[in-house]
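Heads up: numbering here begins at 1 and tracks the sequence.
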Amino acid sequence: MKSFWNSRSIIPITLSFLFLFTYNFTAVFAAPARHLCHPVQRDALLKFKNEFEIKKPCLDGISPKTESWTNNKDCCYWDGVTCDAKSWVVIELDLSRSCLHGRLHSNSSLFKVKNLVTLDLSYNYFSGHISSSIGNLSHLTILDLSKNYFSGWIPSSVGNLSHLTFLDLSNNDFFGELPFFGSMNQLNILNVDFNTFSGNFPHSLLNLGMLSDLYLSHNQFTGPLPSNMSSLYNLEYFQAWDNSFSGTLSSSLFTIPPLTYVDLRDNQLKGTLEFGNISSPSKLISLDLGNNNFIGPIPTSISKLVNLQDLDLSRLNTQGPVDFSIFSNLKSLQLLNLSHLNTTTSIDLNAILHSNLKSIFSLDLSGNHVSTTNKSSGANHHSQMISQLYLSGCGITEFPELLRTQNKLTNLDISNNRIKGHVPGWLWTLPTLKFVDLSYNMFIGFERSTKLEQSSFSKPSMQYLVGSNNNFTGKIPSFICDMRSLITLDLSSNNLNGSIPHCMGNLKSTLSFLNLRQNQLSGDLPNNTFSRLRSLDVGHNQLTGKLPRSLIHFSTLEVLNVESNRINDTFPVWLSSLKQLQVLVLRSNEFHGPIRQASFPMLRIIDISDNHFNGTLPSNYFVSWSAMSSLKANEDRSGEKYMGDFFGYYHDSMVLTNKGIEMELVRILKIYTALDFSGNKLEGEIPRSIGTLKELHVLNLSYNAFTHHIPSSMGNLTALESLDVSKNKLSGEIPQELGNLSYLAYMNFSHNQLVGLVPGGTQFRRQKCSSFEENSGLFGPALDEVCREIHTPPPQQHETLKPEDENEEVLSWVAAAIGFGPGIVFGFTIGYILFSCKQEWFMNAFGRKEGRSSTTMLKSRFITQAANLEEDNEATKPSGLQRKKLAEKAT
């Protein structure tokens, strides 16, 4: 009974407990439902989302964070949104890498979310100016707008964000002077790298005592650096490379106790280097002062920077000897750049490798006179093992034998020297070697390795091999096919012959850059597939056959250059499937047939000149060539200016006709655009869609058979600098719209059938008359101005020159006849009178007495007169028509 009562009494207790637990459980987990983020902020964020487009495809396939922003989900749980744990107001907004595209307007709903503490919009596609409304976000401590396309001046209201600790405006298109930042007393990090800011160093920054990181690099700042840099007493990182700072460098900078990193390379700083009185051990780890205008010796006080790991004093104009013993105390030094010191000292590489610099792994002595003689072969085992060695332009005449034992060597640059003979076989046995630059020497071949040395290729490490501009002969060495980690191979500008070896297919999974131009290679291009190839240049050889169809599988190909060979094929329309192709050069081959419709969305440069293409181009031919229409649509975000590899070791090059001159582009700017269809047999109308290529810089359609009018849509080519449509059969007028193209510095309309008024733009008035010749129907003030010599009417006196001359000759004969009739005395008397009135009569008569005919004398006189007129000033210079009459008179 007792147990029954107990069991019955437990039931209500249990039920009560379960009820309370369920109630509390519901209360706990329903808390967000009762504390949703504020509707005003939710609505503001949704409106903000709709203000922008999502650029697709997004970076690296990342899903945009705003895709999770929906009405049926608490905004505090949206991606990139963080709310305060107590008040549930939005305090952090991280939309980095969300592929947002558009402008941040002054009335943007973003500025209604006024409690924001963190705002990160980095790695997007925002453009336009920054609104002053951003100053309304007064609670911000972190503001990151980096890596976008913002432009214009920074609004002064940014300087009022007094709670900021982190401000990053880097990698945009901002310009002008920085606003007053003196109120940001809490600011720790300021980054404005990679913009076009100008003006002097912002002195308001000296008020920011909490500043630890200051990044001003890659801008256009000018003037001197402040002498009281020590005001920034918490500064640890100071980076201002690639500007135009000038004046002397104050030693006060090096007295800042926590300073660890200074990079001021690539400026215009001058004077002597001084590090001041360094009493306590400096914390400075990295000091880059290279490529400035410093002059004088390396200060001995540098030996007190005992914690230095990275030192760059390149292009210091020492104007005398260098005492390398001052570096002996820098036992932590790892990177040392002493290139181009203008020193009278011959640097002994062997001595450095046996010095106290035991930690050094990168040494750059380029541009100095370096001795590489191994003076103590017995002590080679004590030689410092170095990883990176740069000896470009050091006057070296023999391959440095002392490198034979450098088993940790990864990078070797001995370019621009005078080394003859063969590249030693032992070089390829160095186990960690990855980078070798042998270019611009006088090598004639590669020394054969022994069987033992060849076994080292079982684990190849070579990634970068450049042997361009030497005297290499024979076939491409087969051992290169065994370098199965090779990324870049450049053997251009040599005398290599034979065919491209098929064994190079061994490199198909790694090779990215292959340059074999300017050799004597023959045969067909191999049909290998290189899955990672980005650049293929085999121009200026003797290659034949067709383009290998395997190229269609080169999905990463950006540059294809086969110029100046004997390739006989039709237009490779199938290359349009290569979505990364940016440069296509087929010039000077035997391509033929029509140019079929193709879409090249990434193509920036195409040169198919001097082939045998024929037929017409459809009116909409260029509609899908989007990279030439808008660079922003496919702009590279890597930060590299030139076509080539990411590290800057290799750059693509090409030959291009620009402004009537054939020139070599040693480096190809990624923003450069050109289209050259010249020297073919194309006919019909120039496609009207040419006007969609608004980013085009060079357009050459000369030496074809184009007919009809020049399309007025060319007036849309606002970036055009060079236009050549000469040697065609074009008719009609030159479009007046071309007169508005302010960048058009060169144009050629000659040898067509053009008529009508020549546009009167400034650029047209600066052309040569030859740019319009053989177009008899052209006229107008602009043409009269550039062809002044041809169109100036001849002066009136020259119209009567011929009758006057005839009268002179007749009177001369009359004088002679009179002299022989009445007598010699009377004749001389009359002759004297006539001579007094007209001296040239006497000269003619005197000339005949010397045995010359009247025709010869006339010819001589008129040639002399023309020569004298040529020497007159511009105002009296005879026109082309006058010179022509003079020549006719002379004959």
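The main-chain N or O of K283 is never found under 3.5 Å from a side-chain atom of T260 such that the two would form a donor-acceptor pair. Side-chain atoms of N124 come within 3.5 Å of backbone N or O of S122 as a donor-acceptor pair. Q406 places no side-chain N or O within donor-acceptor distance of the main-chain N or O of S387, the cut-off being under 3.5 Å. Under the 3.5 Å distance criterion, the side-chain polar atoms of T196 are matched with a main-chain donor or acceptor of F174. The backbone N or O of V370 lies less than 3.5 Å from no partner atom in the side chain of N368, so there is not a single donor-acceptor pair. At least one donor-acceptor pair under 3.5 Å links the side chain of S212 to the backbone N or O of N188. Although no hydrogens or angles enter the test, the distance criterion places no donor-acceptor pair under 3.5 Å between the side chain of N148 and the main chain of N172. In this structure a side-chain-to-backbone donor-acceptor pair under 3.5 Å is present from N219 to V192. A donor-acceptor contact shorter than 3.5 Å is absent between the side chain of S87 and the backbone of D84. Using a distance-only test at 3.5 Å, with no hydrogens or angles considered, a donor-acceptor pair links the side chain of T345 to the main chain of V322.
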**Request:** Step by step, work out the side chain to side chain donor-acceptor pair (under 3.5 Å) result for D242 and H218.
**Result:** CA-CA 5 Å; D242 193 18; H218 201 74; 2.5 Å; yes
**Request:** Give the intermediate values and the outcome of salt bridge (Lys or Arg N to Asp or Glu O under 4.0 Å) for residues D168 and K147.
**Result:** CA-CA 9 Å; D168 193 345; K147 296 177 178 64; 5.6 Å; no
**Verdict with supporting geometry, L167 and N191, side chain to side chain contact (heavy atoms under 4.5 Å, CB included)** = CA-CA 6 Å; L167 176 58; N191 189 347; over 6 Å; no
**Request:** Might you work through the side chain to side chain donor-acceptor pair (under 3.5 Å) test for Q239 and D193, ending with a clear yes or no?
**Result:** CA-CA 9 Å; Q239 181 172 297; D193 284 352; 3.2 Å; yes
**Request:** Could you walk me through whether Y464 and Y650 pass the ring-ring contact (aromatic ring centres under 6.0 Å, His included) test, one step at a time?
**Result:** CA-CA 9 Å; Y464 183 97; Y650 175 83; 7.6 Å; no
**Message:** Set out, in order, the CA-CA distance, both residues' side-chain angles and the distance that settles side chain to side chain contact (heavy atoms under 4.5 Å, CB included) for Q334 and I360, then state yes or no.
**Reply:** CA-CA 4 Å; Q334 298 177 14; I360 196 165; 5.9 Å; no
**Request:** Decide yes or no on side chain to side chain donor-acceptor pair (under 3.5 Å) for S362 and Q388, but give the supporting numbers first.
**Result:** CA-CA 4 Å; S362 179; Q388 301 174 3; 3.1 Å; yes
**Request:** Apply the test side chain to side chain contact (heavy atoms under 4.5 Å, CB included) to residues Y261 and I285: give CA-CA distance (whole Å), side-chain angles for both, the deciding distance (0.1 Å), then the verdict.
**Result:** CA-CA 6 Å; Y261 185 100; I285 292 176; over 6 Å; no
**Item:** Trace of the side chain to side chain contact (heavy atoms under 4.5 Å, CB included) decision for F150 with N171
**Value:** CA-CA 9 Å; F150 287 120; N171 292 86; over 6 Å; no
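More than 12 non-hydrogen atoms from other residues, nucleotides or ligands lie less than 6.0 angstrom from CD of E236. At most 12 heavy atoms of other shown residues, nucleotides or ligands fall within 6.0 angstrom of atom NZ in K408. Open room surrounds NZ on K434; 12 or fewer heavy atoms of other groups in view lie less than 6.0 Å from it.
Using the six-membered ring where Trp is involved, F126 and F52 have ring planes that are perpendicular, over 60° apart on the 30 and 60° scheme.
Contact detail for C75 and V81: the closest heavy-atom pair is O-CG1, 3.3 Å. In plain terms, the two heavy atoms of K114 and L137 that are nearest each other are CA-CD2, 4.1 Å. Nearest heavy atom pair, residue L121 against residue L95, reads CD2-CB, 4.1 Å. Here the closest non-hydrogen pair linking N267 and W241 is ND2-CA, 3.9 Å. Between P226 and F201, the closest heavy-atom pair is CG-CD2, 3.3 Å. The minimum heavy-atom distance linking S162 with S183 is given by the pair CB-O, 3.6 Å.
A heavy-atom distance below 4.5 Å is found between the side chains of L205 and L214. By the 4.5 Å heavy-atom criterion applied to side chains, I134 and L143 are counted as neighbours. For the pair P297/T318, no side-chain contact is recorded, criterion being any heavy-atom separation below 4.5 Å from C-beta on. Counting heavy atoms from C-beta on, the side chains of L169 and F194 never come closer than 4.5 Å. In this structure, the side chains of L289 and L269 stay at 4.5 Å or more apart for every pair of heavy atoms. Looking at heavy atoms from C-beta onward, D288 lies in side-chain contact with S286 at the 4.5 angstrom threshold. Two residues are said to be in side-chain contact when any heavy atoms from C-beta on lie closer than 4.5 Å; V158 and F181 meet this criterion.
Between S108 and E51, the side chains place a donor N or O and an acceptor N or O closer than 3.5 Å (distance only, hydrogens not considered). N243 and Q220 form no side-chain donor-acceptor contact under 3.5 Å, judged by distance and modelled atom types alone. N342 and N317 share a side-chain donor-acceptor pair at under 3.5 Å. Side-chain contact, H139 with N115: no donor N or O sits under 3.5 Å from an acceptor N or O.
Atom CZ of residue F324 and atom CG of residue L336 lie 8.0 Å apart, to the nearest 0.5 angstrom. Atom CG of residue N291 and atom CZ of residue R265 lie 9.5 Å apart, to the nearest 0.5 angstrom. Rounding to the nearest 0.5 Å gives a distance of 10.0 Å between CZ of F166 and OG1 of T118. Atom NE2 of H163 sits about 10.0 Å away from atom CG of L140, to the nearest 0.5 Å. Here the straight-line distance linking atom CG of L308 with atom OG of S303 works out to 10.5 Å at 0.5 Å rounding. Expressed to the nearest 0.5 Å, how far CG of D323 lies from OG of S328 amounts to 8.5 Å.
Residues F48 and W78 keep their aromatic ring centres 6.0 Å or farther apart.
Salt bridge annotation for K65-D94: present, with a cationic side-chain nitrogen under 4.0 angstrom from a carboxylate oxygen.
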